[in-house]
K.L.:
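Can you read through this structure? Questions will come right after.
Since the model is a prediction, treat every value here as computed from it, not as a measurement. The chain is numbered in sequence order, starting from 1.
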Amino acid sequence: MAAYAALASLLNTIEQMMTHPPISTSFDNNQIQSLKEKADLLLDFIETFNYGGVSEEAQDLESLITSAAHTAQDMIESHIVNQLLPLSADDREAALSFSLYLQKKRAIEEKNAAAVGDVDQVHGGSNQAFDHVAGDGCLEYLRQIIEDMDAIIGKANELMEKQRVREDQPPTHSTPQYTQTGEETAMVGFRDELIQLLDELTGQRSNLHTISIVGMGGMGKTTLAKTIYANQLIIERFDIRAWATVSQLYNAKQILQQLLSYKDNSSDKDVDELGEQLHKTLFGRRYLIILDDIWSVEAWDEVRRFFPDNGNGSRILLTTRLSDVANDCGSSCFSKNLLDENESWELFCKKAFQNEDCPSELEEVGKEIVRLCIGLALSIVVIGGSLLKSPRSVGYWKSVAEDIESSPNSKEKQESLDVLFSSYNHLPPHLKPCFLHIGVLKSIDYANLDILSIIQLWVAEGFLKSNGGQVLEEIAEDYLKELVDRNLILVGRRSKNGKMKCCDIHDLLRDLCLKVADQQGFFHVISQGHAVGTERRLVYHTDCWRQTSRPQLARSIMNSKFPKEEFHKHRLLRVLDVYSYGSVEESLNGRVNLRYLAMRELGHRYVLELPSSLSLVWNLHTLIFRRVVAPIEIWKMRQLRHIQCDQIYLPHPDGQDELLILDNLQTLGRAVNLRLSEDVCNIIPNIKKLNLQYDRHLQGWDDSLIECLCNIDRLHKLESLKLGCDRSCQLNEMLSFPRSLNKLALEMINFEWDDLTMIGSLPILEVLQIEFNWNGSTWSPVDGQFQRLKFLKIGNCKLRCWNADSYHFPILEKLFLFCVEELEEIPWGIGDIPTLKLIHVMDCSNSVAISAIKIKEEQLECQANDDLQIQISVYTRKLECFMAMVEAEGLTLNNVQFHTI
């Protein structure tokens with residue numbers, strides 16, 4: 001895993017370096033080409049030589065490959081720093097890297113295992129080597145590494161020859177066809193518990209009752225709880241259902257926010273205010289609360305006081321690994337047991353073969369694998385999912401069984417980790433660093449495991465191998481899908497068009513990732529009192545930095561408040577994602593190799609000016625700030641891929657000696673008062689996601705800015721556009737949008753409803769959001785438009801009459817109406833759209849909410865669309881009037897999800 005990540009990163013560095021002439025010409029082209037060829041050969045070896053039960057000889061070889069690749073990359077990037085910036089007396093990273101490499105090489109050659117990981121004795125040599133590295137000695141070291149790589153390739157060929165004579169060893173590159181696993185697998189092993197729990201939850205007991213599902217990690221507790229939560233009997237019985245995941249490092253505020261369905265975790269309300277709001281929401285209603293993965297009584301005590309006992313059969317369901325927690329919470333306990341032999345085999349077959357029967361030749365070894373999973377549902381699901389994509393060969397499956405059998409540890413938790421380790425060990429090499437990285441990010445709850453952030457970090461870290469046909473972000477999406485298909489990560493929230501927006505990973509798999517990442521030196525999670533030495537990737541659980549006299553080789557620093565005195569170090573950083581105490585200049589100083597820069601607190605209260613030295617960060621991929629003014633040099637940063645700011649002011653590229661094409665730039669937002677001239681459109685031809693804001697009250701305003709918006713249709717790769725304008729702006733009547741648009745959000749646009757015809761004709765538009773200050777009161781959609789629309793949001797508009805039918809939005813899935821107070825009702829035909837899954841009405845007129853309830857009742861009567869959900873949110877001050885209208889209409893709220901706000 002570490003070898004693959006190191007080689008892929010080295011190759012990415014070489015490829016990007018060669019596109020930057022001032023840098024590439026400072027190297028010996030023949031030397032760099034030779035290095036690239038040898039790294040490619042070694043990467044091919046790593047990809048081909050992937051099978052269970054890797055020998056000690058192979059592990060030693062991979063250790064040498066990793067060290068050589070890291071050292072070569074350090075040498076190249078140190079040389080780049082020295083070309084672009086004055087030398088620093090503290091810049092000893094490359095010398096240290098080479099010294100460490102030589103020490104590890106000697107230790108492996110001498111078979112001195114203890115010395116391989118011992119770096120304490122090599123620092124003395126780094127000082128003598130520094131003067132040599134600071135000059136052209138770096139290139140001499142590269143020649144030495146290239147020679148060593150030749151020897152490594154020879155050893156790799158010897159191992160490959162040994163592999164070829166292994167009997168019945170299948171090729172690991174084959175990928176059989178497969179399909180997604182069906183939902184029926186969720187019921188395997190749960191049938192008896194499900195019936196018992198449903199009886200307990202829907203019983204006649206009127207007082208508030210707490211029930212716990214208890215079992216070790218991986219037993220399937222959460223899956224069982226999710227099955228209950230979605231059960232139709234539960235949906236019909238309870239007025240309100242709410243779910244919160246607690247976990248070990250619980251936060252009472254976040255628990256309450258989950259129960260209240262808060263999307264913005266930065267809410268200013270404290271725990272008591274949120275608790276009072278939850279109490280009001282639940283009061284008088286029959287509710288079901290599920291608290292998943294609760295680890296302590298303290299977490300329960302923090303929130304229990306906000307759950308009212310309404311005397312109407314409300315229930316609270318807990319899942320926990322700890323029996324004493326369940327008992328102390330005063331609940332009835334249901335133990336989730338290990339699966340028996342038949343249940344285990346049934347679940348395994350559903351995961352490994354889906355709709356096919358198990359081939360007779362694999363049945364014996366398959367049952368042996370299942371026996372080794374000790375009835376642990378998570379292990380069976382993960383291993384079965386892994387084998388779904390693996391060669392159906394007796395030899396390969398035996399290697400999986402042998403790998404599980406030979407696991408050295410036997411403790412209860414360790415048994416589970418060892419079983420899961422087999423699935424990790426049999427992952428293709430390109431997925432291993434990505435999987436471990438997600439587990440490490442999960443340990444610090446990084447960005448809620450947002451898919452976009454994960455992908456950007458993978459690109460910056462260099463985990464992804466270019467295939468020449470796809471951009472790196474598309475390759476990363478394919479990797480994520482593979483991990484989902486293998487049941488190693490879970491789909492979290494989805495975006496409005498159904499794409500995965502966030503992911504999640506089971507706690508047991510997270511523990512496995514942390515263990516393997518630390519053992520292999522891939523990532524280090526730092527806590528209080530940990531000395532930082534030669535670790536390359538650092539993630540901080542705390543704000544603590546412990547000073548050390550050792551030179552540092554860190555390439556990634558995340559989740560830290562970076563002390564000002566540390567800014568002069570770490571000149572070879574690739575990833576810096578911090579809540580900084582320092583300034584922007586200090587952040588950039590000397591870090592010309594940065595790929596990913598996120599300073600999440602800077603610019604929170606005022607607009608920062610980024611220095612012109614930003615352009616020295618020649619390889620920057622992702623830039624994340626709050627509110628900034630960019631220098632004109634930003635138009636020279638050809639490697640930029642994503643610019644994400646709350647507000648960014650970009651100067652127009654007038655007066656540039658040469659207009660470069662930023663053909664890697666895919667994301668730009670939110671650009672304030674950007675003059676979208678022809679020149680700018682030509683500079684960003686491959687932009688996919690664009691967020692523009694025009695406001696005459698903000699700096700850079702010019703009346704001619706709006707006229708330039710007619711150039712939007714020049715952006716032929718644009719997929720997502722968010723456009724907001726000052727209420728007084730009059731858009732050009734000739735405005736049109738590129739036909740590539742998939743998502744469109746318009747705010748404060750002075751359009752007439754009839755102007756939507758130009759939007760409705762967009763051929764692949766799936767998401768449309770319309771908010772604020774649209775002119776006119778009547779919308780009559782045109783036949784044949786909006787043929788691909790799945791999500792429609794209308795908010796804060798003066799729409800009164802909406803003349804629409806089912807054929808105007810033939811595949812609509814979700815309709816969200818927010819603060820559309822003048823609308824009389826939802827068109828009756830909307831309910832007849834067969835794909836419609838959700839109508840959400842929030843702070844609209846009572847008549848709109850009533851029409852939504854009637855649509856649901858009609859669908860139930862006709863048995864036409866049982867899956868349609870109605871969500872109604874009403875402000876407390878309007879509640880009495882609304883309930884009176886519901887009663888006057890002879891309706892009930894039994895079939896809707898009702899909330900007060």
K.L.:
With no hydrogens and no angle check, is any side-chain donor or acceptor of Asn691 less than 3.5 Å from a backbone partner on Leu668?
P.N.:
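Looks like no, no N/O pair under 3.5 Å.
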K.L.:
State plainly whether the residues Glu825 and Lys854 are in salt-bridge range, i.e. N to O under 4.0 Å.
P.N.:
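Looking at Lys854 together with Glu825, the answer is no, because their closest N to O distance does not fall below 4.0 Å.
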K.L.:
Charged N to carboxylate O under 4.0 angstrom, Lys499 versus Glu477?
P.N.:
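Salt bridge absent between Lys499 and Glu477.
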K.L.:
Report the distance from atom CD1 of Ile839 to atom CG of Leu812, rounding to the nearest 0.5 Å.
P.N.:
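Result: 8.5 Å between the selected atoms.
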K.L.:
Using a 3.5 Å distance criterion without hydrogens, assess whether the side chain of Glu276 forms a donor-acceptor pair with backbone atoms of Leu274.
P.N.:
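No; zero donor-acceptor contacts below 3.5 Å.
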K.L.:
Evaluate the salt bridge (Lys or Arg N to Asp or Glu O under 4.0 Å) criterion for residues Glu822 and Arg800: first the C-alpha distance (whole Å), next the side-chain angles of each, then the deciding distance (0.1 Å), finally the verdict.
P.N.:
CA-CA 5 Å; Glu822 296 185 21; Arg800 180 174 301 172; 3.3 Å; yes
K.L.:
Is it the case that atom CD in Glu609 sees more than 12 heavy atoms from other parts of the structure closer than 6.0 Å?
P.N.:
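Counting neighbours around CD of Glu609, 12 or fewer heavy atoms of other residues, nucleotides or ligands fall under 6.0 Å, so no.
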K.L.:
Does Phe816 reach the side chain of Leu838, with side-chain heavy atoms less than 4.5 Å apart?
P.N.:
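No, every pair of side-chain atoms sits at 4.5 Å or beyond.
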K.L.:
Relative to Phe238, does Arg241 satisfy both conditions: NZ or CZ under 6.0 angstrom from the six-membered ring centre, and within 45 degrees of the ring's axis?
P.N.:
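No, a cation-pi geometry is absent between Arg241 and Phe238.
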K.L.:
Between Cys708 and Arg675, which heavy-atom pair has the shortest distance, and what is it?
P.N.:
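Taking Cys708 first and Arg675 second, the nearest heavy atoms are SG-CG, 3.8 Å.
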K.L.:
Under the 3.5 angstrom rule, does the side chain of Asp646 hit a backbone N or O of Phe625 as a donor-acceptor pair?
P.N.:
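No: the side chain of Asp646 does not pair with the backbone of Phe625.
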K.L.:
Under 6.0 Å from the CD1 atom of Ile661, do we count more than 12 heavy atoms belonging to anything else shown?
P.N.:
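Check fails, neighbour count at 12 or below.
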K.L.:
Are Thr667 and His642 close enough, and set up right, to give a side chain to side chain donor-acceptor pair (under 3.5 Å), and what steps lead you there?
P.N.:
CA-CA 5 Å; Thr667 306; His642 306 281; 2.8 Å; yes
K.L.:
Which ring pair (Phe, Tyr, Trp, His ring centres under 6.0 Å) pairs, counting each pair once, include a residue from residues 663-705, with sequence neighbours left out?
P.N.:
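Output for this query is empty, none listed.
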K.L.:
Return the CD to NZ distance between Gln277 and Lys280, rounded to the nearest 0.5 Å.
P.N.:
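Between Gln277 CD and Lys280 NZ, I get 8.5 Å after rounding to 0.5 Å.
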K.L.:
State whether Lys496 and Glu813 are salt-bridged, where the test is any N-O pair (Lys NZ or Arg NE/NH1/NH2 against Asp/Glu carboxylate O) under 4.0 Å.
P.N.:
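No, no charged N to carboxylate O under 4.0 Å.
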K.L.:
Over all heavy atoms of both residues, which pair between Val680 and Pro653 is shortest? Give the atoms and the distance, please.
P.N.:
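Answer, listing the atom of Val680 first, then Pro653: CG2-CD, 3.7 Å.
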K.L.:
Fit a plane to each ring of Phe809 and Trp802, take the angle between them on a 0 to 90° scale, and name the class: parallel (under 30°), tilted (30 to 60°) or perpendicular (over 60°).
P.N.:
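Correct class here is perpendicular.
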K.L.:
Less than 4.0 Å between a side-chain N and a carboxylate O, is that true for Lys793 and Glu771?
P.N.:
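Looking at Lys793 together with Glu771, the answer is yes, because their closest N to O distance falls below 4.0 Å.
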K.L.:
Can you tell which of Gln699, Arg670, Arg626, Arg627 makes a side chain to side chain donor-acceptor pair (under 3.5 Å) with Gln647?
P.N.:
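Single side chain to side chain donor-acceptor pair (under 3.5 Å) partner of Gln647 among Gln699, Arg670, Arg626, Arg627: Arg627.
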K.L.:
Once rounded to the nearest 0.5 Å, what's the spacing between atom CG of Asp272 and atom CG of Leu256?
P.N.:
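Spacing of CG (Asp272) from CG (Leu256) equals 9.5 Å.
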K.L.:
Would you call the rings of Tyr229 and Trp243 parallel, tilted or perpendicular if under 30° counts as parallel and over 60° as perpendicular?
P.N.:
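Rings of Tyr229 and Trp243: perpendicular, over 60°.
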K.L.:
With a 4.5 Å limit on heavy-atom distance, are the side chains of His716 and Ser740 in contact?
P.N.:
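No, too far: nothing below the 4.5 Å cut-off.
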K.L.:
Working note: Glu821 + Lys798, criterion salt bridge (Lys or Arg N to Asp or Glu O under 4.0 Å); need CA distance, chi angles, decisive distance, verdict.
P.N.:
CA-CA 7 Å; Glu821 297 181 344; Lys798 296 181 180 180; over 6 Å; no
K.L.:
What is the minimum heavy-atom distance between Pro834 and Asn865, and which atoms define it?
P.N.:
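So the minimum-distance heavy-atom pair works out to O-ND2, 4.0 Å.
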K.L.:
Take a 6.0 Å sphere around CD of Glu887 and say whether it holds more than 12 heavy atoms from other residues, nucleotides or ligands.
P.N.:
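Counting other residues, nucleotides and ligands, CD of Glu887 stays at 12 neighbours or fewer.
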K.L.:
Is there a side chain to side chain donor-acceptor pair (under 3.5 Å) between His652 and Ser677? Walk through the geometry before answering.
P.N.:
CA-CA 9 Å; His652 194 266; Ser677 64; 2.7 Å; yes
K.L.:
Under 4.5 Å between any side-chain heavy atoms of Phe786 and Leu762, yes or no?
P.N.:
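No, their side chains stay 4.5 Å or more apart.
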K.L.:
Going by distance alone, is a donor N or O of one side chain under 3.5 Å from an acceptor N or O of the other, for Gln258 and Gln254?
P.N.:
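On atom types as modelled, these side chains do not qualify, holding no pair under 3.5 Å.
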K.L.:
What residue among Leu662, Val459, Leu665 forms side chain to side chain contact (heavy atoms under 4.5 Å, CB included) with Arg641?
P.N.:
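Answer after filtering Leu662, Val459, Leu665: Val459.
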K.L.:
Leu715 versus Leu690: any side-chain heavy-atom pair under 4.5 Å?
P.N.:
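Of all side-chain heavy-atom pairs linking Leu690 with Leu715, at least one is under 4.5 Å.
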K.L.:
What I'd like to find out is whether the side chain of Phe737 reaches to under 4.5 Å of the side chain of Asp713, using heavy atoms alone.
P.N.:
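With C-beta onward as the side chain, the pair stays apart.
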K.L.:
Take Asp702 and Ser704 through the side chain to side chain donor-acceptor pair (under 3.5 Å) test and state the conclusion after the steps.
P.N.:
CA-CA 5 Å; Asp702 186 313; Ser704 63; 2.8 Å; yes
K.L.:
So Tyr287 and Asp239, do their side chains get closer than 4.5 Å, heavy atoms only?
P.N.:
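No. Closest side-chain heavy atoms not under 4.5 Å.
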K.L.:
Which atoms form the tightest heavy-atom contact between Ala230 and Ile235, and what is the distance?
P.N.:
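Heavy-atom minimum between the residues: O-CD1, 3.6 Å.
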K.L.:
Strictly distance-based, threshold 3.5 Å: is any side-chain N or O of Ser845 a donor or acceptor partner for the main-chain N or O of Leu823?
P.N.:
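Present.
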K.L.:
Show your working on side chain to side chain donor-acceptor pair (under 3.5 Å) between Asn803 and Ser780 and close with a plain yes or no.
P.N.:
CA-CA 5 Å; Asn803 301 316; Ser780 300; 3.1 Å; yes
K.L.:
From Asp292 CG over to Ile255 CD1, what is the distance, rounded to the nearest 0.5 angstrom?
P.N.:
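So the CG of Asp292 and the CD1 of Ile255 are separated by 11.0 Å.
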K.L.:
Is any side-chain heavy atom of Leu768 less than 4.5 Å from a side-chain heavy atom of Ile794?
P.N.:
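No; the side chains remain at least 4.5 Å from each other.
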K.L.:
Using the ring centroid of each side chain, check whether Phe306 and His279 are separated by less than 6.0 Å.
P.N.:
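When the ring centroids of Phe306 and His279 are compared, they turn out to be at least 6.0 Å apart.
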K.L.:
Taking NZ, NE, NH1 and NH2 as the nitrogens, is one of them in Lys253 or Asp270 under 4.0 Å from a carboxylate oxygen of the other?
P.N.:
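The answer is no: the pair does not qualify as a salt bridge.
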K.L.:
Do Trp828 and Glu858 have a side chain donor and acceptor closer than 3.5 Å?
P.N.:
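Glu858 and Trp828 do have a side-chain donor-acceptor pair below 3.5 Å.
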K.L.:
From the options Ile872, Ile853, Thr281, select the one residue that forms a side chain to side chain contact (heavy atoms under 4.5 Å, CB included) with Phe898.
P.N.:
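The single option meeting the side chain to side chain contact (heavy atoms under 4.5 Å, CB included) with Phe898 is Ile872.
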K.L.:
Within a reach of under 6.0 Å around NZ of Lys856, are more than 12 heavy atoms found that belong to other residues, nucleotides or ligands?
P.N.:
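Check passes, neighbour count above 12.
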K.L.:
Can you tell me if Trp635 uses its side chain to pair, donor with acceptor, with the backbone of Pro651 under 3.5 Å?
P.N.:
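Answer holds: yes.
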K.L.:
Can any side-chain N or O of Gln693 pair as donor or acceptor with the backbone N or O of Leu723 at less than 3.5 Å?
P.N.:
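Judged by distance alone, no pair lies under 3.5 Å.
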K.L.:
Inspect the surroundings of NZ in Lys878 and state if more than 12 heavy atoms from other residues, nucleotides or ligands are less than 6.0 Å away.
P.N.:
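Yes, the 6.0 Å shell around NZ holds more than 12 heavy atoms from other groups.
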K.L.:
Drop me the distance from Ile455's CD1 to Leu472's CG, to the nearest 0.5 angstrom.
P.N.:
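It is 11.0 Å, given to the nearest 0.5 Å.
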K.L.:
Quick one: CD1 on Ile632 to CG on Leu650, what's the gap to the nearest 0.5 Å?
P.N.:
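Nearest 0.5 Å value for the CD1-CG distance: 10.5 Å.
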K.L.:
Does Phe791 have Lys814 sitting over its ring (NZ/CZ under 6.0 Å from centre, angle to axis within 45°)?
P.N.:
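Relative to the ring axis of Phe791, which defines the angle, Lys814 lies outside at least one limit.
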K.L.:
Please confirm whether the backbone N or O of Glu678 pairs with a side-chain atom of Asn682, one donor and one acceptor, at under 3.5 Å?
P.N.:
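It does hold such a pair.
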K.L.:
Checking the side chain of Ser873 only, and the main-chain atoms of Met842 only, is there a donor and an acceptor separated by less than 3.5 Å?
P.N.:
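No; judged by distance alone, with no hydrogens or angles, the pair does not exist.
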K.L.:
Counting distance only, does the side-chain N/O of Asp805 pair as donor-acceptor with the main-chain N or O of Tyr807 below 3.5 Å?
P.N.:
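Side chain of Asp805 to backbone of Tyr807, a donor-acceptor pair under 3.5 Å: no, none is there.
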K.L.:
Is the shortest heavy-atom distance from the side chain of Tyr446 to the side chain of Ile454 under 4.5 Å?
P.N.:
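No; the side chains remain at least 4.5 Å from each other.
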K.L.:
Restricting to non-hydrogen atoms, name the atom on Ala804 and the atom on Pro827 that form the minimum distance, rounded to 0.1 Å.
P.N.:
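Smallest interatomic distance, heavy atoms only, reads O-CB, 3.2 Å.
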